[in-house]
Amino acid sequence: METAAAMTEESTHRDASTQWENLHLNDHSYTRDTAHATSHDQATQFPEQKDLYTELLCNDRECLAYTGLPLRAFEALATELTPGCGSFPLHPKDQLLLTLMKLRLNLLQDDIAKRFRVSQALVSRIFSHWLEHMEVKLRGYMPWMGREAIQATMPQCFKDNFPKTTCIIDCSETPLQRAHNLDSRGESYSHYYGENTVKYLVAIAPCGLIMFISPAYGGRCSDKFISTHSGFLEYLRPGDEVMADRGFLIQDLLHERKVKLVMPAFTKRGLPLSEEDTTSTRRIANVRVHVERVIRRLKNYKILKHRVPINLTPKYSSILRVCGCLCNLRGDIIQEDK
């Protein structure tokens, strides 16, 4: 099966469930050929000015608004990512700021170009380069935690009722621009939302750390399909416990791996749940809500919330992974309640 990252203009319709027509939009050109001459970009530069990061990132509040990160985290990230950042006519911290502003605020390319006083072509090149650079460098910020680490960081709300939980999973969707090609349109149509979407799976540890984000798939794909083909199952070991909502019909897949699925009880023939099932379902809901909170934090990066242009879909899986790593830099979400 194909994922959104593998879509190209030459893609033809097959019986895969995740293909889109790769159209080029004038306002979003992140998939264009980046082999432009540097001299052309320099010719379109505005008069020399002060680096923008020094003006915008004066405190934590402003840094969180523009980048989604505290100021200290931004500085640490800039130090780590500066080597290999590319030879662009912008300060490395401005290059990072430009990329994070696109992810956090999903500004139009023309808007970003005016703010940084550079050409739109250069904005596109910097974003594409830094997205790839960050995906490689930040990989360690989304680890699959071992059992000892999970137990050591497990909040009390899990220890009381679900002490063997390995991860909590859920799927989320983002609206997608409707393709002109009817086949492509059908493959991304979500019956749940009644529109074309991009769909992906998120797995978090009990402490709230994002451990896995799947590639992006068309909204037509089921939760079971994504669980099977995203590579998520490869991380599970015999004896693990996975918590999920009722929509994840993956019990047979987990049983093969000797993994237990914890999920709310189903009603039978319209009959009310037993007292035991009602209590169990309530307890699951009380802790499963944390994966929904993590997804809300993930969508603070508005590029994951706003409608996705067709031509951005080849990079959307990379965007998901980078935004997941950036969320983890802010700390465990459940600790905010303490």
Side-chain angles (χ1 to χ4, degrees), residues 64 68 103-104 106 141-142 144-145 150 153-162 165-176 190-195 197-217 219 221-227 230 232 235 240-250 254 261-266 278-308 316 319-338:
L64 281 167
L103 297 174
R104 173 71 177 88
N106 199 24
Y141 289 97
M142 197 190 298
W144 187 271
M145 299 171 65
I150 290 174
T153 58
M154 182 172 288
Q156 194 62 42
C157 59
F158 279 92
K159 290 181 179 179
D160 291 341
N161 297 304
F162 307 100
T165 302
T166 302
C167 62
I168 310 95
I169 62 174
D170 201 3
C171 279
S172 185
E173 300 184 52
T174 303
L176 173 69
S190 168
H191 290 281
Y192 184 82
Y193 285 95
E195 63 177 332
T197 64
V198 173
K199 187 173 182 179
Y200 49 92
L201 180 146
V202 178
I204 70 167
C207 67
L209 185 79
I210 299 175
M211 298 196 297
F212 177 85
I213 295 184
S214 75
Y217 292 86
C221 294
S222 67
D223 297 342
K224 184 173 185 178
F225 177 90
I226 296 176
S227 300
S230 64
F232 163 70
Y235 289 93
D240 285 347
E241 288 191 6
V242 175
M243 184 175 291
D245 200 8
R246 292 186 181 94
F248 280 84
L249 306 178
I250 57 174
L254 298 185
L261 177 63
V262 178
M263 61 192 309
F266 287 90
T278 300
T279 301
S280 174
T281 297
R282 187 186 308 116
R283 287 174 176 171
I284 292 173
N286 287 340
V287 293
R288 212 191 70 81
V289 68
H290 294 302
V291 72
E292 298 171 3
R293 294 178 61 200
V294 169
I295 290 174
R296 284 199 300 271
R297 175 187 280 188
L298 192 63
K299 290 191 175 182
N300 281 335
Y301 288 92
K302 293 182 180 178
I303 200 168
L304 301 182
K305 188 175 183 179
H306 294 169
R307 190 170 301 277
V308 183
Y316 208 73
I319 290 171
L320 284 168
R321 286 188 285 268
V322 169
C323 289
C325 293
L326 294 174
C327 284
N328 283 343
L329 285 173
R330 291 190 58 184
D332 300 335
I333 194 167
I334 298 180
Q335 288 185 351
E336 294 175 0
D337 295 334
K338 297 180 180 180

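Numbering of residues begins at 1 and proceeds along the displayed sequence.
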> Is it the case that more than 12 heavy atoms not belonging to K299 sit under 6.0 Å from its NZ atom?
Replying inline: yes
> Can you check side-chain contact (heavy atoms from CB on, under 4.5 Å) on M263 and I284, steps first, answer last?
Replying inline: CA-CA 7 Å; M263 61 192 309; I284 292 173; 5.6 Å; no
> Taking the side chain as C-beta and beyond, is there a heavy-atom pair between I210 and L298 under 4.5 Å?
Replying inline: yes
> Is a side-chain N or O of T281 found less than 3.5 angstrom from the main chain of T278, in a donor-acceptor match?
Replying inline: no
>> side-chain contact (heavy atoms from CB on, under 4.5 Å), that's the test. Do V262 and T165 meet it? Break it down for me.
In response: CA-CA 9 Å; V262 178; T165 302; 5.8 Å; no
> Do Y200 and Y217 have their ring centres less than 6.0 Å from each other?
Replying inline: no
>> Do R104 and K302 make a side-chain contact, defined as non-hydrogen atoms from C-beta onward lying under 4.5 Å apart?
In response: yes
> Near Y193 OH, under 6.0 Å, is it more than 12 heavy atoms from other residues, nucleotides or ligands?
Replying inline: yes
>> Please check this pair: side chain of R288 against backbone of I168, looking for a donor-acceptor N/O pair closer than 3.5 Å.
In response: no
>> Counting C-beta onward and ignoring hydrogens, is there a side-chain heavy-atom pair between I169 and V291 closer than 4.5 Å?
In response: no
> Between L176 and R307, what is the shortest heavy-atom contact and its length?
Replying inline: O-NH1, 3.3 Å
> So, do V242 and L254 sit near enough that their side-chain heavy atoms are less than 4.5 Å apart?
Replying inline: yes
> At their closest point, which heavy atom of V294 faces which heavy atom of G208, and how far apart are they?
Replying inline: CG2-O, 3.6 Å
> Mind checking whether F212 and W144 have parallel, tilted or perpendicular rings, split at 30° and 60°?
Replying inline: perpendicular
> Under 3.5 Å, is there a donor-acceptor pair linking the side chains of T174 and K199?
Replying inline: no
>> Do the side chains of E292 and R297 get close enough for a salt bridge, i.e. N-O under 4.0 angstrom?
In response: no
> Distance only, no hydrogens: is a donor on one side chain within 3.5 Å (strictly under) of an acceptor on the other, for S190 and E173?
Replying inline: yes
> Do L64 and R330 come within less than 4.5 Å of each other through their side chains, counting heavy atoms only?
Replying inline: yes
>> If I compare all heavy atoms of M142 with all of R321, which pair ends up nearest, and what's the gap?
In response: CE-O, 3.4 Å
> At their closest point, which heavy atom of S214 faces which heavy atom of I226, and how far apart are they?
Replying inline: OG-CG2, 3.8 Å
> Do R282 and P264 have side chains that get closer than 4.5 Å, going by heavy atoms?
Replying inline: no
>> Nearest 0.5 angstrom please: C157 SG to F162 CZ, how far?
In response: 10.0 Å
> What do the steps show when you test L201 against I213 for side-chain contact (heavy atoms from CB on, under 4.5 Å), and what is the final call?
Replying inline: CA-CA 6 Å; L201 180 146; I213 295 184; over 6 Å; no
>> Do P175 and H306 make a side-chain contact, defined as non-hydrogen atoms from C-beta onward lying under 4.5 Å apart?
In response: no
> So, do C167 and F232 sit near enough that their side-chain heavy atoms are less than 4.5 Å apart?
Replying inline: yes
>> I need the minimum non-hydrogen distance between Q156 and D160, along with the two atoms involved.
In response: NE2-OD1, 2.8 Å
>> Let's go through L103 and I303 carefully: what are the C-alpha distance in whole Å and the side-chain angles of both, what is the deciding distance for side-chain contact (heavy atoms from CB on, under 4.5 Å) to 0.1 Å, and is it a yes or a no?
In response: CA-CA 5 Å; L103 297 174; I303 200 168; 4.0 Å; yes
